[in-house]
Peer 1: 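Provided herewith is a single structure, encoded as structure tokens, for subsequent inquiry.
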Amino acid sequence: MRILFIRHAEAVDATEFAGDDLERPLTPAGRKRFGKVVAYLARNYPKPECILSSKAVRAWETANDYARGVGVKDIVVRDELNPGATPDDIRQILKEYKDLEWIALVGHEPDFSKAIAALTSRGKLRMKFKKGAVAEVEWSGRGDATLRALIDPARL
């Protein structure tokens, strides 16, 4: 299984948003920058068989922009991907979708860094996973996974 871990694009700052944290939307600039990521993914990666997203508005908007850009119609919202997701939460989701070849998960930091580290290096990997960044991980469903790519949106 190949997994694209996609951190949500730039959202309205939490200190400037009066509503619930799960309701914070993306900024227009964040959406525009993420459009470059979507174009890159559409050119260089197969269309995922499934896109799963946190229910946070900023993650869902990111997932929706990605889905539209690559021609995927449905997004599966999973509460387990909400802020605070643990590596075990993410591993359980991956086990549920183990028969698929390509999936995309859209969520948050530091959750994704911890999950990628747990999958690839038994927690030893340290990485900075920026807003709108993408990590490609290959995992057989057992043993350590392999980090295949880390895509920094500022480099696109």
Peer 1: Is there a side-chain contact between Arg2 and Arg148 in this structure, where contact means two heavy atoms from C-beta onward sitting under 4.5 Å apart?
Peer 2: yes
Peer 1: Please evaluate residues Ile90 and Leu81 with respect to the criterion side chain to side chain contact (heavy atoms under 4.5 Å, CB included), reporting the C-alpha separation (whole Å), side-chain torsions for both, the decisive distance (0.1 Å), and the verdict.
Peer 2: CA-CA 7 Å; Ile90 292 170; Leu81 292 173; 4.0 Å; yes
Peer 1: Does any pair with a residue in residues 4-27 pass salt bridge (Lys or Arg N to Asp or Glu O under 4.0 Å), and if so which ones, sequence neighbours excluded?
Peer 2: Glu10-Arg33, Asp21-Arg24, Asp21-Arg58
Peer 1: Taking transitive links into account, so neighbours of neighbours count too, which hydrophobic residues share a cluster with Ile75 at under 4.5 Å side-chain distance?
Peer 2: Leu4, Ile6, Phe34, Val37, Val38, Tyr40, Leu41, Tyr45, Ile51, Trp60, Tyr66, Val70, Val72, Val77, Trp102, Val106, Val134, Ile151, Leu156
Peer 1: Report all side-chain donor-acceptor pairs from residues 124-132 shorter than 3.5 Å, counting only partners two or more places apart or in another chain.
Peer 2:
| from | atom 1 | to | atom 2 | distance (Å) |
| --- | --- | --- | --- | --- |
| Arg126 | NH1 | Gly123 | O | 2.8 |
| Lys130 | NZ | Asp152 | OD2 | 3.4 |

Peer 1: Is the side chain of Asp144 donor-acceptor paired with the backbone N or O of Ser121 at a distance under 3.5 Å, no angle test?
Peer 2: no
Peer 1: Ignoring hydrogens and angles, tell me if any N or O in the side chain of Asp79 forms a donor-acceptor pair with the backbone of Lys55 under 3.5 Å.
Peer 2: no
Peer 1: If you measure from CG on Leu26 to NZ on Lys32, what distance do you get to the nearest 0.5 Å?
Peer 2: 15.0 Å
Peer 1: Rounded to the nearest 0.5 Å, what separates atom CG in Leu52 from atom CG in Asp74?
Peer 2: 11.0 Å
Peer 1: Working to the nearest 0.5 Å, report the span between OG1 of Thr146 and CD of Glu138.
Peer 2: 6.0 Å
Peer 1: List the residues meeting side chain to side chain donor-acceptor pair (under 3.5 Å) with Glu109, not counting sequence neighbours, and say none if there are none.
Peer 2: Ser113
Peer 1: Can you find a pair of side-chain heavy atoms, one from Cys50 and one from Ile103, that are under 4.5 Å apart?
Peer 2: yes
Peer 1: Give a yes or no on whether the backbone of Ala9 and the side-chain of Thr62 come within a donor-acceptor separation of less than 3.5 Å.
Peer 2: yes
Peer 1: Determine whether Val137 and Leu100 fall in the same hydrophobic cluster, where Ile, Leu, Val, Met, Phe, Trp and Tyr are linked whenever their side-chain heavy atoms lie under 4.5 Å apart.
Peer 2: yes
Peer 1: When you compare the side chains of Ser54 and Asn82, does any donor N or O come within less than 3.5 Å of an acceptor on the partner?
Peer 2: yes
Peer 1: Okay, side chain of Ser140, backbone of Arg142: is any donor-acceptor separation there less than 3.5 Å?
Peer 2: yes
Peer 1: Over all heavy atoms of both residues, which pair between Ala118 and Pro87 is shortest? Give the atoms and the distance, please.
Peer 2: CB-CB, 3.7 Å
Peer 1: Nearest 0.5 Å please: distance from the CG atom of Leu150 over to the CZ atom of Phe5.
Peer 2: 12.0 Å
Peer 1: Find out if a path of hydrophobic residues (ILVMFWY) with successive side-chain heavy-atom gaps under 4.5 Å connects Val57 to Val12.
Peer 2: no
Peer 1: Which residue pairs pass the salt bridge (Lys or Arg N to Asp or Glu O under 4.0 Å) test with at least one member in residues 91-101, sequence neighbours excluded?
Peer 2: Arg78-Glu96
Peer 1: Going by the rule side chain to side chain donor-acceptor pair (under 3.5 Å), which residues pair with Thr86 if we only count those two or more places apart in sequence or in a different chain?
Peer 2: Asp89
